[in-house]
Undergrad: 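Below: one structure in structure tokens.
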Amino acid sequence: MAPKKKAGNGAVKAAQTAGKSAKTTSTAAAPTANPASGEPIERYNAPKCEQHWQKVWEERGIFNASNEDDRPKCYVLEMFPYPSGRIHMGHVRNYAMGDVLARYKRARGFNVLHPMGWDAFGMPAENAAMQNKVHPGKWTYDNIAAMRAQLKSMGLSLDWSREFATCDVEYYQHQQKLFLDMLQEGLIYRKSSKVNWDPVDNTVLANEQVIDGRGWRSGALVEQRELTQWFFKITEFADDLLRALGDLKDWPEKVRLMQANWIGKSEGMMLRWALDKKTAPKGFNELEVYTTRPDTLYGASFMAISPDHPLALVAAETNKELADFSDECRKLGTSAEAVETAEMRGFDTGLKAHHPLNKDWLVPVYVANFVLMDYGTGAIFGCPAHDQRDLDFANKYGLKVTPVVMPKDEDPKSYQITTESYTGDGLMINSHELNGMRPKDAFAKIADKLSAQKLGKAPVGKRQTNFRLRDWGLSRQRYWGCPIPIIHCDECGAVPVPAKDLPVILPDDATFDKPGNPLDRHPTWNKADCPTCGKAARRETDTMDTFCDSSWYFARFTDPNADTPTNKAAANYWLPVDQYIGGIEHAILHLLYARFFTRAMAKTGHLDGKLQEPFKALFTQGMVVHETYERSSNERSPTLSQSAPSPQKPEWLTPSEIRIEGEGEGRKAFALDGGDEIKIGSIEKMSKSKRNVVDPDDIIGHYGADVARWFMLSDSPPERDVQWTDKGVQGANRFAQRLWRLIHDAEQVIAAHDTPMPDKLSDCAQELHARAHRAIHAVSRNIELLRFNVAVAQIYEFTNILSSAIQISAQHADNTEYLSMDWALREATEFLIQAISPMMPHLAEECWARLGYNTLATDQPWPAIEEALLVDDMITIAVQLNGKRRAELKIARNANKDETEAAAMALEPVIRALDGRQPKKIIVVPQRIVNVVV
RNA sequence: GCGGACGUGGUGGAAUCGGUAGACACACAGGACUUAAAAUCCUGAGACCUAACAGUCGUGCGGGUUCAAGUCCCGCCGUCCGCACCA
């Protein structure tokens, strides 16, 4: 077997000459030949071939999964898209990855479920309705039709028979049933809570939709409003959601960590402090705080409560200054920037509290801007020495700082805290009975003591676990979402719509010309009779958060036509999803909500209780990034700057409006319209705002889906960002064309397809045979590990090997050495086609047909690997002198230590380097390395 | 501030266990074919030194463990991401 790249020009010529006389044996729609050009082979016409094979796959329905099948199951799922109207390169990358796995698993004999649907409810449809006077439903379904066609042009192995959109009544009616059952089970409740309210759009905004205190769309100052809303009791599962993260071994560590932080479990105590009767307002006898450091109780020097704490509200009624202070705190907002720059501020209420461990010790109560109302009790005790915030606060207001924990090697007499709090382990000091203890033990002692101590009739303290996770508010004041099936009756309150009256269907004749909720102002829809008493009542006009829709769609896919939310048999068969693939941006919300739904659905009997988690394995792929092109301000056309909302806003150009000249340092961009030089900006995620987008349609139309897919899979590790470049996609195209030519060349030298394996292979045939098996082995492994870029590299390597073998073989056709080569070449060629099949499925079909088959490459079982071929009899190991490589040693794999050492010592470079000296030590690791120490 | 990830040629990146660093690709250079270009094919290449052989250095920086470190340990530096007053 010749090493790669060693075939001389003679071989090339031989291969090309052979090519000229080739006859096409392809039974498939062969690309248009161009006999006039004299080219030996017509170029592979991807767009034309791809449509053909997509039709064949669809007609045969080969990707439609059966719910009854003896083969092992494999559920491959990519996060379903929002139907914005166009797919983008991020989708191409995401779905290409999932498709490789789905097709590979299918070839490995799995019953594969690979469905697709649409996350179809949401605000953009309503905004479109407002702006373009088109109904959200029509807008959405038109977008779905357009995107479906685009996805189909990618040639994905999807089971389209299971497709649905979450805005289909057939889907959301079941979601309403889930709502009712969860309500019944106590997993949904109603309460009043604070929301971000946009007074111009008359709607609630999510936190991420509030930018610098203003609505992202209207620009209006957002108000905090008290609204009665429905909540999922996700906190009921907080502990389990946290615990089970440990079982999700096939999830990225990063995502598990993010979720764990989000859930934010902390172990501490509730502590009740008696208020000094002389200072406390009427009705307030105590102040309850939550703390994780009861051990530092002797270091307490103040208490602080939120401006919204009931005690603060009452105190403010009789204290104008305090009321003003509280108002100011509320205005400051809670955005990240506001919090970071905000000064720590407090207001001494004049109230005092009795220290739980010493009644005579009075502690001042402040209202402070950094205390959150909705965590713990909205009140804290401050121990400045061991909490940085408390220390900053104490220093500002001249409060006492008493260290109560000290690092082991410090002197308690001189140990002081000034500007840096100490949060580490150590020994207790200044703490009476706790002195000398470790903080951990002091915690336990105080917890026991205060749990036994009474204040009034109840214990002073009690151990408590707190979570940062809050219940999930699901009400949205919008039209385009799943209606909440509730009727409000003046007599009976909030009454669930009886299951027999479902679905509650969105009215088609809503109006979108005004801001606010169209359901609210609908003339008839919101009128309904109370299911309990029959009196006239009002229908709930809030709809569900769209995150509800995506929290159980994976379960619905297992039987999308079931007349209950799930068909438990089907769900039991398919779930959990074996591999889920999507963007890291959903690390918390979507994935946490889906995990919650899985538990809630088990509790309401819609899923089997044995199903712990919805997604067995999760993979988060990186983004597709691209250069940006910015027209500098002095070149901006005057019309554009007038229409731009801000004169400072840069004008971005799309890659298709740009012409690039030069390479490397001298690389420059020019606008196609005027020829102006354009600044090449930073590489960023493809986005509409920066206009650095490449349209998948253009790429697929020009190069074909296979090339787009291949490029998205090669080079960059899938979890990292990939940069879209013209050179890159051209390289992928070159490879596709090269493969096509290679198959053409191979046709001339390979055995007929029913040729049995010869009894004995010549050396070079045996070598190729082994290389083919090793390549498939390596590709398999890397696909299973989702390391597509490495799998691609191995395919390149194998292609180089096969290409050389074909050329050499063509050159030596008469040499008896090469007699069994035709069989090995055929095997290798078929293996190569099968290896690319999951990634470039259309090209694989075209090549397969060209080899004389009328079966589908897609239907071929994955090549069976002969384990014996994976190891070589002869291996090359390195020989080092003092740890530096000095020579290579080719030796039998099974050579023992002595043989290896002897062979190594006989090597010329070793003898030369030793120069007659005796080696101090010789390390021999058979099959790995020899290291001679001089 | 807290938590995490990552630093390898001109570039994207390879390198199950500590065992030949730079696979594979892109870009580049030279050559073949061509009237020419495109396409294709061949060859070269981490840096330094050398005519060549040989040699020296080399995985962000500084230490350490080891016969042997991109990989393990300690300390820095840089980049990116997440959370953000969570008591």
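Residue numbering restarts at 1 for every chain, and letters A, B, ... go by the order of the sequence lines. What you see is a predicted model; the values in this text were computed from it and never measured.
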Undergrad: Measuring from atom CD1 of Ile305(A) to atom CG of Leu287(A), what distance do you get when rounded to the nearest 0.5 angstrom?
TA: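 These two atoms lie 6.5 Å from each other.
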Undergrad: Any strand is fair game: report the nucleotide pairing with A23(B) by Watson-Crick or G-U wobble, both distances under 3.5 Å, or none.
TA: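 Across any shown strand, A23(B) pairs with none.
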Undergrad: Would you indicate, yes or no, if C86(B) has its OP1 or OP2 atom less than 4.0 angstrom from a side-chain nitrogen or oxygen of Arg389(A)?
TA: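 Result: yes.
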Undergrad: Please determine, for U34(B), whether a Watson-Crick or G-U wobble partner exists with both distances under 3.5 Å, and give it or none.
TA: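 Pairing partner: none.
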Undergrad: Under a 3.5 Å limit for both distances, which nucleotide forms a Watson-Crick or G-U wobble pair with G70(B), could you say?
TA: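 WC or wobble partner does not exist here.
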Undergrad: How far does the C1' atom of U11(B) sit from the matching atom of G22(B), given to the nearest Å?
TA: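 So the two C1' atoms sit 13 Å from each other.
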Undergrad: Starting at atom CD1 of Ile683(A), determine the distance to atom C1' of C26(B), rounded to an integer number of angstrom.
TA: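 From Ile683(A) CD1 to C26(B) C1': 14 Å.
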Undergrad: Output the rounded distance in Å from CH2 (Trp262(A)) to C1' (C86(B)).
TA: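 Distance, rounded to whole Å: 12 Å.
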Undergrad: With a 4.0 Å cut-off on heavy atoms, is Thr292(A) in touch with a base, just the backbone sugar-phosphate, or nothing at all?
TA: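 It contacts sugar-phosphate atoms only.
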Undergrad: Whole angstrom is fine here: how far is it from CD1 in Ile584(A) over to P in C81(B)?
TA: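 Answer to the nearest Å: 13 Å.
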Undergrad: At what distance, to the nearest 0.5 angstrom, does CG of Leu241(A) lie from CH2 of Trp262(A)?
TA: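 If we round to the nearest 0.5 Å, Leu241(A):CG and Trp262(A):CH2 are 13.5 Å apart.
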Undergrad: Expressed in whole Å, how much space separates the C1' atoms belonging to C26(B) and C80(B)?
TA: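 It comes out at 24 Å once rounded to the nearest Å.
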Undergrad: Roughly, in whole Å, what's the span from CZ in Arg771(A) to P in A23(B)?
TA: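 To the nearest whole Å, that distance equals 15 Å.
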Undergrad: Among A14(B), C41(B), A87(B), which is the nearest nucleotide to the side chain of Val790(A)?
TA: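 Ranking A14(B), C41(B), A87(B) by closest atom to the Val790(A) side chain puts A14(B) first.
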Undergrad: Side chain of Arg738(A), base of U40(B): donor and acceptor closer than 3.5 Å?
TA: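 Side chain to base: no pair present.
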Undergrad: Expressed as a whole number of angstroms, how long is the span from Tyr290(A):OH to A87(B):P?
TA: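 About 7 Å, once rounded to whole Å.
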Undergrad: Contact class for Arg345(A) vs. all strands (heavy atom < 4.0 Å): base, sugar-phosphate, or nothing?
TA: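 Contact class for Arg345(A): none.
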Undergrad: Can you check the distance between C61(B) and C77(B), where both ends of the measurement are the P atom (answer in whole Å)?
TA: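 15 Å, rounded to whole Å.
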Undergrad: Out of G19(B), C83(B), A25(B), which nucleotide sits closest to the side chain of Ile929(A)?
TA: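 Per side-chain heavy atoms of Ile929(A), the pick is G19(B).
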Undergrad: Check every strand shown and say whether Lys884(A) touches a base, only sugar-phosphate, or nothing at a heavy-atom separation below 4.0 Å.
TA: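 Sugar-phosphate contact only.
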Undergrad: So, Arg886(A) and Gln880(A): side-chain donor and acceptor under 3.5 Å apart, yes or no?
TA: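 No, because no side-chain N or O of Arg886(A) sits under 3.5 Å from a partner of the opposite role on Gln880(A).
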Undergrad: So, is Arg886(A) close to the U56(B) phosphate, meaning a side-chain N or O under 4.0 Å from OP1 or OP2?
TA: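 Answer is yes, contact under 4.0 Å.
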Undergrad: Which base sits across from C48(B) as a Watson-Crick or G-U pair, both distances under 3.5 Å?
TA: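 C48(B) is paired, partner G55(B).
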Undergrad: Categorize Thr876(A) for me: base, sugar-phosphate, or nothing, with a 4.0 angstrom heavy-atom threshold over every strand shown.
TA: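 Base contact - Thr876(A) has a heavy atom under 4.0 Å of at least one base atom.
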Undergrad: When you compare G7(B) with C48(B), how far apart are their C1' atoms, in angstrom units rounded to a whole number?
TA: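 Approximately 24 Å lies between the C1' atom of G7(B) and that of C48(B).
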Undergrad: Which one is paired to G1(B), where only Watson-Crick or G-U wobble pairs with both distances under 3.5 angstrom count?
TA: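 Matched G1(B) with C83(B) under the 3.5 Å cut-off.
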Undergrad: Is there a side-chain polar atom (N or O) of Lys727(A) under 4.0 Å from OP1 or OP2 of A25(B)?
TA: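 For Lys727(A), the contact criterion (side-chain N or O under 4.0 Å from OP1 or OP2 of A25(B)) is not met.
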Undergrad: With C1' as the reference atom in both, quote the distance from U8(B) to C24(B) in angstrom, rounded to an integer.
TA: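 One C1' to the other, the span is 15 Å.
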Undergrad: Can you tell me the base-pairing partner of C61(B)? Count Watson-Crick or G-U wobble geometry only, both distances below 3.5 Å, and say none if there is no partner.
TA: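 In the structure as shown, C61(B) has G75(B) as its Watson-Crick or wobble partner.
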Undergrad: Quick check for you: among G19(B), U20(B), U16(B), whose closest atom lies nearest to any side-chain atom of Val925(A)?
TA: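 Looking only at side-chain atoms, Val925(A) lies closest to G19(B).
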Undergrad: Describe the nucleic acid contact of Val371(A) in one word from base, sugar-phosphate, nothing, applying a heavy-atom distance below 4.0 Å.
TA: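 The residue Val371(A) makes base contact.
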Undergrad: Scan nucleotides 4-13 of chain B nucleotide by nucleotide, 5' to 3', and note B when protein non-hydrogen atoms come under 4.0 Å of the base, S if they reach only the sugar-phosphate, - if neither.
TA: S-------BS
Undergrad: How far does the P atom of C6(B) sit from the matching atom of C74(B), given to the nearest Å?
TA: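 Here C6(B) and C74(B) have their P atoms 15 Å from each other.
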Undergrad: Measure from the side-chain heavy atoms of Arg468(A) and tell me the nearest of C83(B), C85(B), C24(B).
TA: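 Nearest nucleotide to the side chain: C83(B).
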Undergrad: So, Arg893(A) and Asp872(A), do they make that salt bridge, N to O below 4.0 Å?
TA: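 No.
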Undergrad: Is Arg734(A) touching bases, backbone alone, or none of the nucleic acid, heavy atoms closer than 4.0 Å?
TA: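 Touches sugar-phosphate only.
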